[in-house]
Every structure is written in structure tokens, then in C-alpha cells.
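See structure below.
Values in this document were obtained by computation on a predicted structure and should not be read as measured data. So you know, we letter chains A, B, ... as the sequences are listed, proteins then strands, and number each from 1.
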There are 2 protein chains.
Amino acid sequence: MTDETVMTSSTSDVKSPQRMPVAERRTALIDAALRVVAQHGVSGATTRAIVAEAGMALASFHYAFSSRDELMTELVNHVIEHEQTALVPPLPHEAASVRNVLRDGLQRYFDHLVEEPEREQAMLELTQYALRTPTLQSLARRQYDRYFEMARDSLTLAAELTGAVWRVPTEEIAHLLVAVTDGLTVGWLVNRDDAAARALMDLAADSIAHLAEESA
Amino acid sequence: MTDETVMTSSTSDVKSPQRMPVAERRTALIDAALRVVAQHGVSGATTRAIVAEAGMALASFHYAFSSRDELMTELVNHVIEHEQTALVPPLPHEAASVRNVLRDGLQRYFDHLVEEPEREQAMLELTQYALRTPTLQSLARRQYDRYFEMARDSLTLAAELTGAVWRVPTEEIAHLLVAVTDGLTVGWLVNRDDAAARALMDLAADSIAHLAEESA
DNA sequence: TGATGAGTGGGACGATTGACTCACTCTCAT
DNA sequence: ATGAGAGTGAGTCAATCGTCCCACTCATCA
């Protein structure tokens, strides 16, 4: 019974003070916040829930951040900066058609979505949150600019890999590709219908491939 | 000065007790709640904010609803039931191609989006809310089923109007159309870029039209 | 006309929230 | 070893939340 206090003073206890620089502590809190948002939504991301997820004391929160708003701003910044969801990561393709390269890219994103649905749902909610917060609206725009750039790069790469030429500016096609991906995400999150998602990706790849001149 | 009390007791005063059946009061509260959600988001839709928007007393809230959850449930039900956003409303089309009919439908939806952006943003947030609320998840699915049906009807109609034949099951194309519309919505809400939206609709209409055999 | 009850007004409740304080502990460089 | 300060624990604070209550008003109808 009396040994409890001895345990409490143990130096290697998990709950014992974690000596870490403030910067590291901030990122730890941001990571925890992202997990909380994924599990309980933005409204569930209270300071107490976040520090609990991070395994820290409530006092540590305002030790690292001046306010919850500051953390949320940093969180949005973080996901924008570090979340290159690899929409269409390049992969040297054998016997590739434009359609297949596009289809592969969509599949790769979809796999990521299925693997971590809460993550992607958190991204959607954070976007909504950013739109509702005047200070963060520009960040939401930047996020979508990144999406467009990624889509554009993928389209350019797809053309290079297959020796095809886009009949329409890649920027416009990129917008379509991002829209389809967004729609795919929301739709799957609602219905969790893998077959429908597959059919959608097939069709989208077909349709968009039609915008390329296949034989260079 | 003393006439104020006289005014207060006036029977036709706006603030005076509105003798209305409970059912009517419920719908009034739901309408108010939708406006509040559109303006301040789901998290801003507090009981006090809602009754203030409805011009009612706080006590009237729990007189008409047993809890805030019940109102939110009814709200989600309401928007699903009554929000036929007229995705692609039929319009007898002269010299119509499949592409033009599709493009027209998208434009019609887009006009609605531009006219009431908050409304559509509220729909997105309510969908998220429904996904986070186990009791309401089935409603979110039903909402998307409606979207798919509407899209399918529009596709069928487009084919009938132009005498074209879809080379792919309309159900699959409907999924693509809904996805594009969803993506268009989110993208425009973030960037408010009308020109990009126009280009996107052009391209989407082109791409999807390719899935039809134009000459029957 | 007088009783009835639908609807209101104003306040109160307990819980939770973000924010803040401060005495204290324990690590680490010196 | 010892002082400095990073980090904690426990608590407080005001604000706001959903919910509830009850005395009161007033239109309605027997």
C-alpha cells in the first residue's frame, strides 16, 4: 500500500515529466489534436481531450500554446503542409495508357482513403472549419491550390509516361480531377460502397483519358 | 411613455405570443435552425441562437422539442426531404446535344449554389454532422441515394431529349455526375472562382457526354 | 363571463468549456 | 551537489451550454 508513493516517484514512469523542447511539445500536441479531430470531430477537439490524447497535463497546453485558436491555426497549417496525400504518385508504368495511369493514381488515393477514413474526414472538417474562420480562409485556398498542383503534375507525368498529349490545358483537367476525387471521398465516406467507388474510378479515368490525344 | 405597455398588450404585436399549433412551431424552429447553421455553422446552432432567430422564447424550445438532439435529427430529416436542389431540372431543349443538356443542368445547379452559398455549406456541414452521429448515418446515406436518383433521372431525360443512348449504365454515370457536382461545390466554396467553375462544368459536360452514343 | 390551458418570461441548475495561476517536483548543466 | 528552470498537479475563474421550472398572461370557448 505504502509502495504506491514509491512508484509515483519512479523516474522512468510513463506519466513522468517528458523533458522536451517547446517546439517538439507543440508538434506533439498538434499530432494529438489531429487524432482527436479524426475521432471526435472539430467540436470534440477540446483542450482537455487534446492533452489527454497527448498524455500531457492540461497546464502544458497553455505552456506550449497561447490559446486554443493558435493550436487550431497551427493544426490547419500542419495538415496543409504535411498532407501530400499522394493523390497520384508517380510509378514507372509498363504498357501504360493514359487511362491506366489515371486509374492507378485514383486507386492509390482510394487505398489511402480506405486505410484511414477518419483522417480524410478530419481533413474535410478542418476545411469547413477554416472556411468558417476568417483568419484561416486563405489557408483553405492554399490547400486547394496544392491539390490542383498535385493533380496537374500527375496529369503532366501521365502524358510523359505514355507519350500522349492533352487536348485541354492541364490546369482545367486538374480541376476536374480534384473535383472527382473530392466527390469520390465524400461519397465513399457516406456509403462505404467499395464497388461503387471502383466503378466511379473506372468511369472517371475513362472520361478524362478521352481528353488526351493518345498517339503522340 | 406610458403607451409602451399598451403597445405590449397589443394583440397583433410581433413579439406577442404566437398562438400556433405545436407542429407549426416545430417547423418554424427547424427553419430557424437551418438559417443559423447556414450563418454560424452547426456548432453555432445553440438553442438560444435558434430561438432568437425564430423570434421565440427560450422556453418555447423545449415546449416544442424534448431536446436539441431531437431538433437536429428533425433538421437533417427536413433538409433531406425538402431539399431537391434541382440538380438538373428538365427543360425542353431545342437543338440539344447531350453535352448541352448536361452543361445546362450543371449551370442551373451552379446558379443555385452562387445564389445561396451558405445554404449549400450548411448542407455539407449537416452531412458531416450526420456522419458523426450514429443515429443519423442512415439519413446521410438516404440523402446521397436521392442525389443519385436525381442524377440518374436527369441522365435518362437527357438521353430522351436528344435521342442518344448511354453506353454505360446510367447508375454508374450518375455516381460520376454526383461526384463532380460535389467536388464543384466544395471547390467553389473554397475559392469562389467563377471562371474555374465554368471551365470545370464545360469539361465535365464534355467528358460525360462522351459516354453517350449521340446518333440513336 | 369565467375557467381552462396553450404559450411566455425570466430565471436557475449543473456540466463543460477555454483560460489562467501558483506552489511544487524533478531533470540537467554547471 | 546544487541552483535554475522546464514541466506538473490541482485548483479556480467566468462564460456558455442544454435543460428545466414555475408563476404568469391571454386567447378561446363552454
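- The nearest whole Å value for the distance from the CZ atom in A:F61 to the P atom in C:dT21 is 16 Å.
- Nucleic acid contact for A:S66: sugar-phosphate only, since backbone atoms but no base atoms lie under 4.0 Å from a heavy atom of the residue.
- Listed nucleotides: D:dG11, D:dG9, D:dT19. Nearest to the side chain of B:L58: D:dT19.
- For D:dG7, the base has no donor-acceptor partner in the side chain of A:R25 [N/O atoms by modelled type, under 3.5 angstrom].
- Checking the phosphate oxygens (OP1, OP2) of C:dG7, no side-chain nitrogen or oxygen of B:S60 falls inside 4.0 Å.
- Which of C:dT17, D:dG9, D:dC17 sits closest to the side chain of B:T46 comes down to D:dC17.
- Residue-level contact check: B:A59 touches the bases, meaning some heavy atom is under 4.0 Å from a base atom.
- Of all the heavy atoms in B:L34 and B:A122, the pair that sits closest is CD1-CB, 4.4 Å.
- Between B:M72 and the options B:T135, B:N77, B:I30, B:L126, a side chain to side chain contact (heavy atoms under 4.5 Å, CB included) holds for only B:L126.
- Atom CZ of A:R48 and atom P of C:dC20 are 13 Å apart (whole Å).
- A:R68 places its CZ atom 15 Å from the C1' atom of D:dA15, with the value rounded to the nearest Å.
- B:R103 and B:Q107 share a side-chain donor-acceptor pair at under 3.5 Å.
- Closest to the A:Y63 side chain, of the nucleotides D:dG7, D:dT19, C:dG7, is D:dG7.
- Residues A:M56 and A:R25 form a side-chain contact, since some pair of their non-hydrogen atoms from C-beta on lies under 4.5 Å apart.
- Note on B:T47: a base of the nucleic acid sits closer than 4.0 angstrom, heavy atoms only.
- Atom pair A:I50:CD1 and C:dT17:P shows a separation of 11 Å (rounding to whole Å applied).
- Rounded to an integer number of Å, the gap from A:D69 CG to C:dA19 C1' is 12 Å.
- If you take NE2 of B:H62 and P of D:dC22, they are 16 Å apart, rounded to a whole angstrom.
- Partner B:H175 forms a side chain to side chain contact (heavy atoms under 4.5 Å, CB included) with one of B:F148, B:Y147, B:Y144 and no other, that one being B:F148.
- In this entry the distance linking CG of A:L29 with P of C:dA19 reads 13 Å, nearest Å.
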